[in-house]
Amino acid sequence: MTVYSSEGCQYCVKLKQLLRENNITYINKDMNDEHVLKEFKQYEISAIPFTLLSLIKKKRELLVISQKI
């Protein structure tokens, strides 16, 4: 699971806290990083937090858009 987020985003902070409290492992990608922002734009999503689930066995990705937590 990959979470695209920013420290200044209250919903991002809440999502990451919820994941940690439930022992859910995730990779955080900080939107303040220029390379991460470029990567994020490929999904044509305009809001964060944005969660990407990679389904390894099925070799596809599932986009999960969450704005309010």
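Just the heavy atoms: all of them, side chains too, but no hydrogens, waters or symmetry mates, feed the values below. Just so you know, residue 1 is the first one in the sequence shown, and it goes up from there.
Note on residues 31-48: pairs passing salt bridge (charged side-chain N to carboxylate O under 4.0 Å, His left out), not counting sequence neighbours, are Lys29-Glu39.
Neither Leu18 nor Val13 shares a network with the other; the hydrophobic side chains, linked directly or stepwise wherever heavy atoms of I, L, V, M, F, W or Y lie under 4.5 Å apart, form separate groups for each.
Closest approach of Cys12 and Pro49 over heavy atoms only: SG-N, 3.6 Å.
Applying the side-chain hydrogen bond (donor to acceptor under 3.5 Å, both in side chains) test to Asp30 and every residue at least two apart in sequence or in another chain returns Asn32. Considering only residues two or more places apart in sequence or on other chains, Ile24 meets the side-chain contact (heavy atoms from CB on, under 4.5 Å) condition with Met1, Leu19, Asn22. Partners of Gln17 by side-chain hydrogen bond (donor to acceptor under 3.5 Å, both in side chains), not counting sequence neighbours, listed by chain and number: Glu21. Asn23 pairs by the side-chain contact (heavy atoms from CB on, under 4.5 Å) definition with nothing, not counting sequence neighbours.
With rounding to the nearest 0.5 Å, the separation of CZ in Phe40 from CG in Leu52 is 11.0 Å. If you take CE on Met31 and CD1 on Ile48, they are separated by 5.5 Å, rounding to the nearest 0.5 Å. To the nearest 0.5 Å, atom CG of residue Leu37 and atom CD of residue Gln42 are 11.5 Å apart.
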